[in-house]
Amino acid sequence: MFHPLENLDRYRVVLASGSPRRRELLGMLDIDFTVDTSHPVDESVPEGMAAHEVPAYLSRLKADAFPLTEGDDRLVITADTVVILDGDVLGKPHDEADAVAMLQRLADREQRVVTGVTVRTARRCVTLSAESTVEFADLTTDEIRYYVDRYKPLDKAGAYGIQEWIGAAAIRGIKGSFYNVMGLPVHRLYDTLKDF
């Protein structure tokens with residue numbers, strides 16, 4: 001039976017991410033893969049790096065942490081997502097107070113969501129970047145606290161998951177890929193994987 005990514009049959013595909021959302025999104029491509037988070041990296045970025053370059057840099061750093069040698073049949077996929085507002089990178093909040101503060105900044109504003117993805121084998125490495133614009137409606141402090149208390153978005157860049165309550169209740173519009181905002185630009189990744 002035909003499969004659009006049958007070229008991947010020669011690889012053991014590895015998703016190097018603990019994100020349940022990335023696992024779900026990669027699973028939509030109907031490929032077999034395993035998850036391996038055993039190669040953590042220091043996610044510090046060089047001083048002065050432009051905000052939109054951070055996700056691609058970090059995804060490459062994560063991919064390079066895998067010791068792939070000649071003959072290794074693994075294909076490793078890594079990713080990093082950030083929210084950018086006023087030139088600032090909003091990563092994962094430190095605690096609930098930080099999550100509330102981030103969402104207060106995002107309320108009634110547009111922000112950019114950028115995801116960097118790296119696909120690496122022993123012979124080849126490709127890094128891509130995808131960007132979406134998300135427009136938030138205004139949110140009251142009570143609404144923000146409701147979301148943070150109920151959904152605990154401490155593992156999400158910008159302190160929100162678009163697929164949760166806040167996406168339904170408070171996002172006016174998106175320009176670009178919805179899946180990119182969730183954490184993996186699946187359409188771009190699919191196009192990249194077809195060439196491996």
Side-chain angles (χ1 to χ4, degrees), residues 1-41 43 52-68 72-84 89-92 112-134 151-164 166-168 171 174-196:
M1 182 181 190
F2 169 78
H3 190 287
L5 289 174
E6 62 190 0
N7 59 302
L8 297 184
D9 287 349
R10 64 180 176 268
Y11 297 111
R12 287 182 296 139
V13 179
V14 176
L15 175 64
S17 173
S19 164
R21 292 158 301 282
R22 289 198 181 110
R23 284 196 294 267
E24 176 189 347
L25 293 172
L26 183 58
M28 292 173 70
L29 294 181
D30 292 337
I31 58 174
D32 292 326
F33 66 93
T34 58
V35 174
D36 184 345
T37 58
S38 65
H39 300 281
V41 298
E43 296 189 22
H52 69 277
E53 295 175 354
V54 168
Y57 171 82
L58 289 176
S59 76
R60 179 63 188 260
L61 201 65
K62 293 173 184 179
D64 287 346
F66 275 77
L68 301 180
D72 196 317
D73 66 347
R74 288 178 295 174
L75 179 146
V76 178
I77 300 168
T78 56
D80 194 83
T81 302
V82 299
V83 173
I84 302 171
V89 171
L90 303 184
K92 297 172 185 173
R112 295 186 299 152
V113 179
V114 182
T115 300
V117 179
T118 297
V119 179
R120 181 171 172 242
T121 65
R123 294 174 173 248
R124 189 167 169 219
C125 186
V126 175
T127 300
L128 62 96
S129 189
E131 182 174 316
S132 303
T133 302
V134 178
Y151 289 89
K152 310 289 186 206
L154 302 184
D155 64 336
K156 297 172 178 71
Y160 74 91
I162 195 168
Q163 72 281 6
E164 297 172 339
I166 202 163
I171 291 182
I174 304 168
K175 196 181 304 176
S177 166
F178 173 87
Y179 296 129
N180 180 53
V181 182
M182 274 183 74
L184 194 66
V186 190
H187 62 294
R188 295 280 308 280
L189 176 58
Y190 174 72
D191 285 342
T192 301
L193 290 173
K194 285 195 291 188
D195 291 335
F196 269 81

Spacing of [X] atom [atom1] and [Y] atom [atom2] [to the nearest 0.5 Å]:
| X | Y | atom1 | atom2 | answer |
| --- | --- | --- | --- | --- |
| Lys175 | Thr133 | NZ | OG1 | 5.5 Å |
| Met182 | Ser132 | CE | OG | 12.5 Å |
| Ser177 | Leu189 | OG | CG | 11.0 Å |
| Phe196 | Ile77 | CZ | CD1 | 9.0 Å |
| Asp80 | Leu61 | CG | CG | 9.5 Å |
| Lys194 | Leu29 | NZ | CG | 10.5 Å |

If you define the side chain from C-beta out and look only at heavy atoms, does anything of [X] sit under 4.5 Å from [Y]?
| X | Y | result |
| --- | --- | --- |
| His3 | Ile31 | yes |
| Leu75 | Leu193 | yes |
| Val186 | Phe178 | no |
| Tyr151 | Lys156 | no |
| Arg120 | Asp64 | yes |
| Leu8 | Phe33 | no |
| Pro55 | Val82 | yes |
| Val181 | Ile171 | no |

Residues that His39 engages under ring-ring contact (aromatic ring centres under 6.0 Å, His included), provided they are two or more places apart: Phe66

Nearest heavy-atom neighbours spanning [X] and [Y]:
| X | Y | result |
| --- | --- | --- |
| Gly183 | Ala79 | O-CB, 4.3 Å |
| Thr81 | Asn180 | CG2-O, 4.3 Å |
| Arg23 | Gly18 | NH1-O, 3.3 Å |
| Gly161 | Ile166 | O-CG2, 3.6 Å |
| Leu26 | Leu184 | N-CD2, 4.0 Å |
| Thr118 | Arg60 | OG1-N, 3.2 Å |

Flag, side chain of Asp30 to backbone of Leu5, donor-acceptor distance under 3.5 Å: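 Side chain of Asp30 to backbone of Leu5, a donor-acceptor pair under 3.5 Å: no, none is there.
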
Charged N-O contact under 4.0 Å between Asp155 and Arg21: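 Here Asp155 pairs with Arg21 in a salt bridge, since their nearest N and O are under 4.0 Å apart.
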
Note: Asp191-Arg188 ion pair, threshold 4.0 Å (strictly below): no

Is it the case that over 12 heavy atoms from other parts of the model lie below 6.0 angstrom from the [atom1] atom of [X]?
| X | atom1 | result |
| --- | --- | --- |
| Arg123 | CZ | no |
| Lys152 | NZ | yes |
| Asp32 | CG | no |

Thr34 and Arg74: CA distance, side-chain angles, deciding distance, side chain to side chain donor-acceptor pair (under 3.5 Å) verdict: CA-CA 10 Å; Thr34 58; Arg74 288 178 295 174; over 6 Å; no

